[in-house]
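Okay, so here's the structure we're looking at.
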Protein chains: 2
Amino acid sequence: MPRAIPTIPRKSASQERSRATVEALLDATARVLTREGYDRASTNRIASVAGVSVGSLYQYFPNKEALVAALVARHNREILELARDALKEVASLDLAAAVRAMVRAAVDAHLVDPALHRIFAEQVPRMGQLAKIEDLERETFLLVRSYLEARRKEISIRDLDTATSILVTTVEALTHQFVINKPDAMDGDRDRFIDEVTRLILGYLAPHRTAKPRK
Amino acid sequence: MPRAIPTIPRKSASQERSRATVEALLDATARVLTREGYDRASTNRIASVAGVSVGSLYQYFPNKEALVAALVARHNREILELARDALKEVASLDLAAAVRAMVRAAVDAHLVDPALHRIFAEQVPRMGQLAKIEDLERETFLLVRSYLEARRKEISIRDLDTATSILVTTVEALTHQFVINKPDAMDGDRDRFIDEVTRLILGYLAPHRTAKPRK
DNA sequence: AGACAATGCGAGTCATAGCTCGCAAATTCC
DNA sequence: GGAATTTGCGAGCTATGACTCGCATTGTCT
């Protein structure tokens, strides 16, 4: 007869075996989500795909929402890492090259797991804890803003916040749409797309130098 | 004993009373969706808010999906009407003024019912019949494309389809984000926003004339 | 007025999915 | 080895919500 009921924790896992369980659950969630969609992704199914019992699932995640939210968080962490790296490498380049590199990075970020990204965008209801899907954009905003601030002299912008917001929203929307509509895009298509977006951005940031990156 | 079972139709309503019922159901769906969100919007609740029985609901809509899809269709019809009108009035203006007018039209369209629009974007799963939420964008694409074609000489664009797609996606994303984040925007904010977007677009379409719409 | 069709009703059925609970197996620590 | 604890199990409880069905009311036509 254990004094403290061991079933209460429902929190973090400390031992090795349990961390593996949690990972398996997140992986399974991703797979079931992309295969079946959000509605059909029942906790029972997820647990069984993970090779884990429902009970175990609820030992680590209080509800389905939390489970999906954790997956979103994991996914966003990966993406943000990419973005940060890209921004570091870009610090030394001139504006045109920098913008182009950042657009390319955005495409790469969307190619991490397009199917999953699509589910997040199209099916996961943005409410409650799930609303933090948008945290990613807020972080990105700050990164881009600080970059623009450093380059302030090279660009013709009045309101930095507005410009940043426009840029982030635009690039995200365009990249998303491109990856969704052409999941099998050749490298050529990709480069052409990146060119166009770069032109769009540069025309906005530095309207006087006509930017024509591609021959 | 009626020969043909009258419960089969579950289709269109011909009499006056029934049309009213259908309208009431759509209105109630909109209200419940915006108030409670997609998940909490049960058919029972919708029917009761409409002042109609569940049975009647299912006489006109085979399932919840169809009900929401019908609402989406109605909403999109309104929006498209706005877009068409705007494009007609714009035919005679010069490029800069035309783009500005179209951006303004996009904002107006998003202001028809922002709360509902938001639910569609954030909570309604895009799958099955609901996937046709995107039909609106396809229609818009065609409208914009035909406009650009007429102005082809004034703009420096290689691939018309690509440009159209970029434009539509960009304006829709920016407008959406603006309306969602600043539901109570003053007219001043609105005009400043429209200016920025117009600059972005013009810089892309006609990079050589520096577009500076505002004083 | 009377017959038949269209429309409306809502209690009740049925399926599903989220979640719990009591127990078993594995780990850790002495 | 064995006590204590963490981890895992999965049958089953429960709530909920989509949807049906037999009947009542309203409308139409002659």
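Here is how names work: the chains are called A, B, and so on, in the same order as the sequence lines, proteins then strands, and each is numbered from 1.
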| request: Establish, for the pair A/K64 and A/Y58, whether the NZ or CZ atom is under 6.0 angstrom from the six-membered ring centre and no further than 45 degrees off its axis. | output: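 That pair does not qualify as a cation-pi contact.
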Can you tell me if [X] touches the phosphate of [N], counting only side-chain N or O atoms and a distance under 4.0 Å to OP1 or OP2?
X: A/Y58; N: C/dC19; value: yes
X: B/S18; N: C/dA6; value: no
X: B/Y60; N: C/dG8; value: yes

Provide the closest heavy-atom pair for [X] versus [Y] in the form atom of the first, atom of the second, distance.
X: B/R151; Y: B/L95; value: NH1-N, 3.5 Å
X: A/L57; Y: A/T43; value: CD1-O, 3.6 Å
X: A/Y204; Y: B/R199; value: O-NH2, 2.7 Å
X: A/S56; Y: A/V52; value: CB-CG1, 3.5 Å

Nearest whole Å is fine: how far is [N] [atom2] from [X] [atom1]?
X: A/R19; N: D/dT6; atom1: CZ; atom2: C1'; result: 15 Å
X: B/N63; N: D/dG17; atom1: CG; atom2: P; result: 17 Å
X: A/Y38; N: C/dG18; atom1: OH; atom2: C1'; result: 12 Å
X: B/F61; N: D/dC19; atom1: CZ; atom2: P; result: 13 Å
X: B/E23; N: C/dT7; atom1: CD; atom2: P; result: 15 Å
X: A/Q59; N: C/dC21; atom1: CD; atom2: C1'; result: 12 Å
X: A/Q15; N: D/dG8; atom1: CD; atom2: C1'; result: 12 Å
X: B/E16; N: C/dG8; atom1: CD; atom2: P; result: 11 Å

Within residues 41-57 of chain A: residues closer than 4.0 Å to DNA chain C (heavy atoms) |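 A/S42, A/T43, A/N44, A/V54, in order of number.
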Exercise for the section: Only pairs at least two apart or in different chains count here, so list each ring-ring contact (aromatic ring centres under 6.0 Å, His included) that has a residue in residues 178-198 of chain A. Expected result: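 ring-ring contact (aromatic ring centres under 6.0 Å, His included) check on residues 178-198 of chain A returns A/F178-A/F193.
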For the side chain of B/R17, counting heavy atoms from C-beta on, which of D/dG27, D/dA18, C/dC19 is nearest?
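Minimum distance to the B/R17 side chain belongs to D/dG27.
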With a cut-off of 3.5 Å and sequence neighbours excluded, list every side-chain donor-acceptor pair involving residues 82-92 of chain B.
none

